[in-house]
Amino acid sequence: MRALIELEPVARSPRLARRFVADTLGPHADVELVDAAELLVTELVTNAVVHARSRARVLIVTAGDRSRVRIEVHDDAFEPPRMGGFDPDATSGRGLALVNAMSDRWGVEPQGPARPGKRIWFELGVKTSLLA
């Protein structure tokens, strides 16, 4: 499976990304995986919109053996994201810490010479019997 959505740098984009993940994975994966994927994509798209002031492209790809799902959020900013150093009383600043804690793997890569910016990705394991 491979699915892509492009979102404008507006306040509703994180909500639209969340719905895209739910609609794409929901019929094929267990509820826990979908819930985790929704939360993490919301955090990354929020970072793209708020901090990078960029549109966001969300790509969902399942592994060839369907043992995991990879979700990438592409933005147009070159600056790498920063994790940590948030105020415990703050209402924001925990996105990457959540990605780090909840995903099986994650990383940041440049998009390449044809497109400026970076992609932040995370992977979650799936139960093969539940992913069609």
Side-chain angles (χ1 to χ4, degrees):
M1 175 185 0
R2 185 177 178 93
L4 174 72
I5 188 172
E6 295 208 22
L7 302 165
E8 294 300 316
V10 295
R12 69 183 175 159
S13 288
R15 178 174 36 89
L16 295 174
R18 188 178 189 100
R19 182 179 299 152
F20 170 68
V21 166
D23 291 348
T24 302
L25 296 179
H28 308 287
D30 63 276
V31 172
E32 290 177 9
L33 178 128
V34 175
D35 287 348
E38 284 181 298
L39 175 61
L40 299 182
V41 80
T42 300
E43 294 295 334
L44 295 182
V45 170
T46 298
N47 286 351
V49 170
V50 172
H51 300 293
R53 294 180 175 90
S54 170
R55 61 194 166 129
R57 288 166 299 286
V58 178
L59 175 65
I60 301 172
V61 181
T62 57
D65 64 358
R66 299 179 187 252
S67 64
R68 66 189 173 290
V69 63
R70 177 180 172 125
I71 298 180
E72 300 179 0
V73 176
H74 302 232
D75 67 42
D76 298 330
F78 291 103
E79 298 80 31
R82 294 181 321 186
M83 183 170 56
F86 59 85
D87 179 345
D89 296 325
T91 59
S92 65
R94 295 175 180 81
L96 288 178
L98 285 171
V99 171
N100 188 52
M102 295 178 67
S103 67
D104 295 331
R105 296 179 347 140
W106 73 280
V108 181
E109 302 167 351
Q111 291 197 77
R115 183 174 273 193
K118 64 183 172 299
R119 68 178 148 252
I120 304 174
W121 56 269
F122 64 89
E123 292 181 354
L124 298 168
V126 290
K127 299 174 185 173
T128 42
S129 62
L130 295 176
L131 190 58

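All of these numbers come straight from a predicted model, not from anything done at the bench.
A pairwise comparison of heavy atoms in Phe122 and Ala37 identifies CZ-O, 4.0 Å as the closest pair. Pairing each heavy atom of Val58 with each of Ala17, the nearest pair is CG2-CB, 4.2 Å. Of all non-hydrogen atoms in Ala48 and Ala52, the two that sit nearest each other are O-CB, 3.2 Å.
Of the candidates Val45, Leu44, Leu39, Val45 is the only one forming a side-chain contact (heavy atoms from CB on, under 4.5 Å) with Val41.
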Between Ile71 and Leu40, is the side-chain contact (heavy atoms from CB on, under 4.5 Å) condition met? List the steps.
CA-CA 9 Å; Ile71 298 180; Leu40 299 182; over 6 Å; no
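Side-chain atoms of Ser13 come within 3.5 Å of backbone atoms of Glu8 as a donor-acceptor pair (strictly under, hydrogens ignored). Of the possible polar contacts, one joining the Thr24 side chain to the Phe20 backbone as a donor-acceptor pair under 3.5 Å is found. The backbone N or O of Asp75 lies less than 3.5 Å from a partner atom in the side chain of Gln111, making a donor-acceptor pair. Between the side chain of Lys118 and the backbone N or O of Glu79, at least one donor-acceptor pair lies under 3.5 Å.
The salt bridge (charged side-chain N to carboxylate O under 4.0 Å, His left out) test applied to Arg105 returns Glu123, not counting sequence neighbours.
The shortest distance between side-chain heavy atoms of Glu38 and Leu25 does not fall below 4.5 Å. The closest side-chain heavy-atom distance from Arg18 to Val21 is not below 4.5 Å.
Using a 4.5 Å cut-off between side-chain heavy atoms of Ile, Leu, Val, Met, Phe, Trp and Tyr, with links allowed through other members, Val50 and Phe78 fall into different hydrophobic clusters. Under the 4.5 Å side-chain heavy-atom criterion for ILVMFWY residues, a single connected hydrophobic cluster contains both Val73 and Leu124.
Residue Leu4 belongs to a hydrophobic cluster whose other members are Leu59, Val61, with links defined by side-chain heavy atoms closer than 4.5 Å.
How far OG1 of Thr42 is from CG of Leu98: 10.5 Å, rounded to the nearest 0.5 Å. Summarising the geometry, atom OG belonging to Ser54 is positioned 10.5 Å from atom CG belonging to Leu7; distances are rounded to the nearest 0.5 Å. Within the model, atoms CD of Glu72 and CD1 of Ile120 stand 11.0 Å from one another, a figure rounded to the nearest 0.5 Å. Here the CZ-CD1 distance, from Arg70 to Ile60, works out to 13.0 Å after rounding to the nearest 0.5 Å.
Under a 4.0 Å N-O distance rule, the pair Arg57/Asp76 qualifies as a salt bridge.
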